[in-house]
Asks: 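Quick one: the structure is below, and I'll ask about it shortly.
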Amino acid sequence: MAINLFKTVPKVQTSITSKHSTSLFFTTGSSFSLPSYPPVALAVCSMSYEKELAAAKKAASLASRLCQKVQKALLQSDVQSKSDRSPVTVADYGSQALVSFVLERELPSEPFSLVAEEDSGDLRKESGQETLHRITQLVNETLSSEGSYGASTLTAEDVLGAIDNGKSEGGPTGRHWVLDPIDGTKGFLRGDQYATALALLDDGKVVLGVLACPNLPLQPISSNNQPSLLGDVGCLFFSTVGAGTYMQSLTGSALTKVSVSAIENPEEASFFESYEAAHSMHDLTSSIAQKLGVKAPPVRIDSQAKYGALSRGDGAIYLRFPHKGYREKIWDHAAGCIVVTEAGGVVTDAAGNALDFSRGRYLDLYEGIIVTNQRLMPSLLKAVQEALQQTASSTL
Ligand SMILES: Nc1ncnc2c1ncn2[C@@H]1O[C@H](COP(=O)(O)O)[C@@H](OP(=O)(O)O)[C@H]1O
Ligand SMILES: [Mg+2]
Ligand SMILES: [Mg+2]
Ligand SMILES: [Mg+2]
C-alpha cells in the first residue's frame, strides 16, 4: 500500500476546468525550532551568485504568497486546460508574472533570459480577458503586500509581457533562469503538495536553485508518519553551487543546513514517487524497489517537494519513470536537482548519466530519473537495469 500524503488545505472541486495557484508566505515573525536538523547561524553562499540567490528567494517567496492565497479560495473559474490538456491556473500565470517581474527589477544590470513553463497565448484571446484581469489583480495585490516596489502597478499588458519573458530557449551558453511557477498543478488543485521551482543555469550548468513548498511539513515525512502529527507547513529550500543546501520555513525562521539520508541498507530506505500514476509508472518503480530490497511502501507526493524532502533525509530514494513518449522539461528538475546534489545526493537517468540542462527546454534522458545518496546509487542502478530488462523481455 502506498502512502498518499495528507491534505493541508480543504479539498477543492476540479471537475470543471478553471485556473489559479500557489505561493509561499515569507513574512517575518513566528519562531519555532526544528530539532531534527542541525541548526546553522548563516547560510554560506557562493559569492558569485549572492545577489541572484537573494533575488530568487524573494521572487519565489512572493510567488508562493500569491499561490497560497489562490489555493485557499480556489474557484472553478480559476482553472483552464492547456492545449496538451494539462491544467493551468491563475496562480500558475500569476506566479510566473511575479517571478519574471521581481527578477528583472532586482537584477537590473544583468541580461535577463527566462525559460518558463507558461505562455500568454490563451490570455490574449477574447475568452481569456476575465482571467487576465484576475491575474493582474492578484499580481498587483501581492506586490503591494510586499511593499518594496512602491506604487508599481502592472497593467494587463505588463503582465502578459512578464509571462512572455519566459519564452527563452536556454542552451549551453550564458545565464538563463529556469522557472516552474507551480510545479504539481494537479496537487495544487487537489489541495496537496506543490512547489514554485526556480533555478539559474550558467553555461549549461545549474548553479542556483530555490524550491518553495508551501504545504510541505517542516518536520520529516516518511512512510511511518501520521499526518496529524506533522505540525507546521511551508518550506523554502535553496542552494548555490559548492555551498550546500539550506532550508528555512516560509515564514523566514529556522535556517538549517540539510543533507541527504546516509542510509546504506536498502531494507531501511523508503522511496518517493509521483502521486499521479500518469506521470510515473508505479508498477515499474515497485519492481525496482522490490529488487533493491526496500521494505517500506512508496511515499507518493506531487511536485519537486520530493527533491526538497529527499535533500533533508526524509526517505532515501526518488524514482520517476514516465510512460513511453513523454519528454521531461528542464523546469521540472533543475531546482530540485541542485537542491539534492548540494545536499550530498546524486541525480541521474536510468543509465547513470547526469542530467544535461544545456540542450534547451527539454531534458533528453534514458528511460527515467533516479535520485539517492552516493552509497545506495550503485545498487539502485543495478536494480533499475534489471527491472528494465525484465520489462523489455516480458513485452517481446
Ligand atoms: N505524462 C506525463 N509524464 C511525466 N510527467 C508529466 C506528464 N504529464 C505532466 N507531467 C509533468 O509532471 C509534473 C508534475 O510532476 P509530479 O508528478 O512529480 O507532481 C508536471 O508539472 P506541472 O504541474 O508544473 O505541469 C508536468 O510537467
Ligand atoms: Mg503544467
Ligand atoms: Mg512542473
Ligand atoms: Mg508548472
Asks: Examine distances only and state if a side-chain atom of Ser358 and a backbone atom of Pro172 form a donor-acceptor pair shorter than 3.5 Å.
Replies: no
Asks: Does the side chain of Leu208 reach to within under 4.5 Å of the side chain of Ser239, using non-hydrogen atoms?
Replies: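 With C-beta onward as the side chain, the pair stays apart.
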Asks: Test your reading of the model: is there a side-chain donor-acceptor pair from Asp302 to the backbone of Phe188, 3.5 Å cut-off?
Replies: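 Flag not set: sc Asp302 to bb Phe188 has no pair under 3.5 Å.
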Asks: Distance from Leu284 atom CG to His282 atom NE2, nearest 0.5 Å?
Replies: 11.0 Å
Asks: Test your reading of the model: is there a side-chain donor-acceptor pair from Ser280 to the backbone of Phe321, 3.5 Å cut-off?
Replies: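 Here the side-chain-to-backbone pair exists.
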Asks: Please check if the side chain of Asn353 supplies one atom and the backbone of Asp349 the other of a donor-acceptor pair under 3.5 Å.
Replies: no
Asks: Identify whether the distance between the nearest side-chain nitrogen and carboxylate oxygen of Glu130 and Arg134 falls below 4.0 Å.
Replies: no
Asks: What heavy-atom pair brings Ala309 and Phe237 nearest, and what distance separates the two atoms?
Replies: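 Distance-wise, the nearest heavy atoms are N-CZ, 4.2 Å.
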Asks: Go through Leu388 and Tyr366 one step at a time and tell me if the side chain to side chain contact (heavy atoms under 4.5 Å, CB included) criterion holds.
Replies: CA-CA 11 Å; Leu388 286 172; Tyr366 177 70; 4.3 Å; yes
Asks: Any donor-acceptor pair under 3.5 Å linking the side-chain atoms of Glu273 with those of Thr285?
Replies: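 There is such a pair (donor and acceptor under 3.5 Å, judged by atom type) between the side chains of Thr285 and Glu273.
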Asks: What are the two closest heavy atoms between Ala262 and Asn373, and how far apart are they?
Replies: C-ND2, 3.8 Å
Asks: Distance only, no hydrogens: is a donor on one side chain within 3.5 Å (strictly under) of an acceptor on the other, for Ser100 and Asn165?
Replies: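 A pair is found: one side chain offers a donor N or O, the other an acceptor, under 3.5 Å apart.
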Asks: May I ask you to check whether Arg85 and Ser81 show a side-chain donor-acceptor distance below 3.5 Å?
Replies: no
Asks: Please step through side chain to side chain contact (heavy atoms under 4.5 Å, CB included) for the pair Ile288 and Leu380, ending with a clear verdict.
Replies: CA-CA 8 Å; Ile288 294 166; Leu380 175 58; 3.9 Å; yes
Asks: Side chains of Thr155 and Asp158: is there a donor and an acceptor less than 3.5 Å apart?
Replies: yes
Asks: Between Ser120 and Asp164, does the side chain to side chain donor-acceptor pair (under 3.5 Å) criterion hold? Intermediate values first, please.
Replies: CA-CA 6 Å; Ser120 74; Asp164 281 340; 2.6 Å; yes
Asks: Is there a path of hydrophobic side-chain contacts, each under 4.5 Å between heavy atoms of I/L/V/M/F/W/Y residues, joining Ile369 to Tyr362?
Replies: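 Result: no, two separate clusters.
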Asks: Do you see a donor-acceptor pair shorter than 3.5 Å between the side chains of Gln304 and His333?
Replies: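 There is no such pair (donor and acceptor under 3.5 Å, judged by atom type) between the side chains of Gln304 and His333.
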Asks: I want to check something: taking the side chain as every heavy atom from C-beta on, are Val178 and Leu201 in contact at a cut-off of under 4.5 Å?
Replies: yes
Asks: Using side-chain heavy atoms (C-beta onward) and a distance below 4.5 Å, is Val139 in contact with Phe101?
Replies: no
Asks: Salt-bridged, Glu106 to Lys57, with N to O below 4.0 Å?
Replies: no
Asks: Using every non-hydrogen atom in the two residues, find where Ser270 and Val294 come nearest and quote the distance to one decimal.
Replies: CA-CG1, 4.5 Å
Asks: Would you confirm whether Gln96, through its side chain, and Ile163, through its main-chain N or O, come within 3.5 Å as a donor-acceptor pair?
Replies: yes
Asks: If only side-chain N and O atoms count, and only distance matters, is there a donor-acceptor pair under 3.5 Å linking Lys306 with Gln193?
Replies: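 Note: Gln193 and Lys306 side chains miss the donor-acceptor criterion.
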Asks: Mind listing the closest non-hydrogen atom pair of Leu211 and Ala335 along with its distance?
Replies: CD2-CB, 4.1 Å
Asks: Return the minimal non-hydrogen interatomic distance between Ser86 and Asp84, and the atom names on each side.
Replies: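 Taking every non-hydrogen atom into account, OG-OD1, 2.6 Å.
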Asks: Can you tell me how far CG of Leu123 sits from CD of Gln129, rounded to the nearest 0.5 angstrom?
Replies: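 Here the interatomic distance stands at 8.0 Å.
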Asks: Does the side chain of Arg320 come under 3.5 Å of the side chain of Ser274 through a donor N or O and an acceptor N or O?
Replies: yes
Asks: If only atom types and distance count, is the side chain of Ser168 paired as donor or acceptor with the main-chain N or O of Val115 below 3.5 Å?
Replies: no
Asks: Tell me, yes or no, whether the heavy-atom count around His323 atom NE2, taken from other residues, nucleotides or ligands under 6.0 Å, exceeds 12.
Replies: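 Count over threshold, so yes.
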Asks: Quick one: does NZ or CZ of Lys205 land under 6.0 Å from the six-membered ring centre of Phe357, within 45 degrees of the ring axis?
Replies: no
Asks: Would you check, one step at a time, whether the test salt bridge (Lys or Arg N to Asp or Glu O under 4.0 Å) holds for Arg300 with Glu276?
Replies: CA-CA 8 Å; Arg300 291 182 176 150; Glu276 298 284 341; over 6 Å; no
Asks: Of the options Lys329, Arg361, Lys82, which is the one that meets Glu117 in a salt bridge (charged side-chain N to carboxylate O under 4.0 Å, His left out)?
Replies: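 Among the candidates, only Lys82 passes.
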Asks: Donor-acceptor pair, Ser95 side chain versus Asp92 backbone, under 3.5 Å?
Replies: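 Here the side-chain-to-backbone pair does not exist.
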Asks: Using ring centroids (six-membered ring only for Trp), state whether Tyr307 and Phe272 fall under 6.0 Å.
Replies: no
Asks: So Gln80 and Thr131, do their side chains get closer than 4.5 Å, heavy atoms only?
Replies: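 SC-SC contact between Thr131 and Gln80 confirmed.
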Asks: Between Asp192 and Gly187, is there a donor-acceptor pair closer than 3.5 Å when you use the side chain of the first and the backbone of the second?
Replies: no
Asks: Examine the side chains of Gln71 and Asn215 and answer whether a donor and an acceptor come within less than 3.5 Å of each other.
Replies: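 The criterion, which ignores hydrogens and geometry beyond distance, is satisfied for Asn215 and Gln71.
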Asks: May I ask you to check if Arg190 and Tyr275 form a cation-pi contact, with NZ or CZ under 6.0 angstrom from the six-membered ring centre and within 45° of the axis?
Replies: yes
Asks: Report yes if some heavy atom in the side chain of Phe238 is under 4.5 Å from a heavy atom in the side chain of Leu255; otherwise report no.
Replies: yes
Asks: Once you round to the nearest 0.5 Å, how far does CD of Gln137 lie from CG of Leu154?
Replies: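 It is 13.5 Å, given to the nearest 0.5 Å.
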Asks: If you count heavy atoms of other groups shown closer than 6.0 angstrom to CD of Gln290, is the number above 12?
Replies: no
Asks: When you check the side-chain N and O atoms of Lys58 and Ser148, is any donor under 3.5 Å from an acceptor?
Replies: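 Lys58 vs Ser148: donor-acceptor pair found between side chains.
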Asks: Using distance alone, with no hydrogens and no angle criterion, decide if Thr196 and Asp183 have a side-chain donor and acceptor under 3.5 Å apart.
Replies: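 Absent: no donor and acceptor within the cut-off.
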Asks: If you measure from CZ on Arg359 to CD1 on Ile330, what distance do you get to the nearest 0.5 Å?
Replies: 12.5 Å
Asks: Between Lys186 and Pro87, which heavy-atom pair has the shortest distance, and what is it?
Replies: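 Answer, listing the atom of Lys186 first, then Pro87: CG-CG, 4.0 Å.
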Asks: When rounded to the nearest 0.5 angstrom, what is the spacing between OG in Ser145 and CG in Asn140?
Replies: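 Result: 11.0 Å between the selected atoms.
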Asks: With the side chain counted from C-beta on, respond yes when Asp332 and Leu363 share a heavy-atom pair under 4.5 Å apart, and no when they do not.
Replies: no
Asks: Quick one about Thr173 and Asp203 (side-chain donor to acceptor, distance below 3.5 Å, no hydrogens or angles considered), yes or no?
Replies: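 Their side chains do not contain a donor-acceptor pair, so the 3.5 Å distance test is not met.
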Asks: Taking the side chain as every heavy atom from C-beta outward, state whether Val88 and Thr185 have any atom pair closer than 4.5 Å.
Replies: no
Asks: One pair to check against side chain to side chain contact (heavy atoms under 4.5 Å, CB included): Lys324 and Glu367. What are the steps and the verdict?
Replies: CA-CA 8 Å; Lys324 284 270 167 277; Glu367 298 287 350; 3.2 Å; yes
Asks: Any link between Phe112 and Val206 through a network of hydrophobic side chains (Ile, Leu, Val, Met, Phe, Trp, Tyr) touching at under 4.5 Å?
Replies: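 Cluster IDs for Phe112 and Val206 match.
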Asks: Could you work out, with salt bridge (Lys or Arg N to Asp or Glu O under 4.0 Å) as the rule, every residue matching Arg327, not counting sequence neighbours?
Replies: Asp364
Asks: Check step by step if side chain to side chain contact (heavy atoms under 4.5 Å, CB included) holds for Tyr318 and Thr372.
Replies: CA-CA 7 Å; Tyr318 169 24; Thr372 189; over 6 Å; no
Asks: Taking atom NZ of Lys295 and atom CD of Glu268, what is their separation to the nearest 0.5 Å?
Replies: 11.0 Å
Asks: I'd like to check Glu157 versus Leu160 (side-chain heavy atoms, cut-off strictly below 4.5 Å). Are they in contact?
Replies: yes
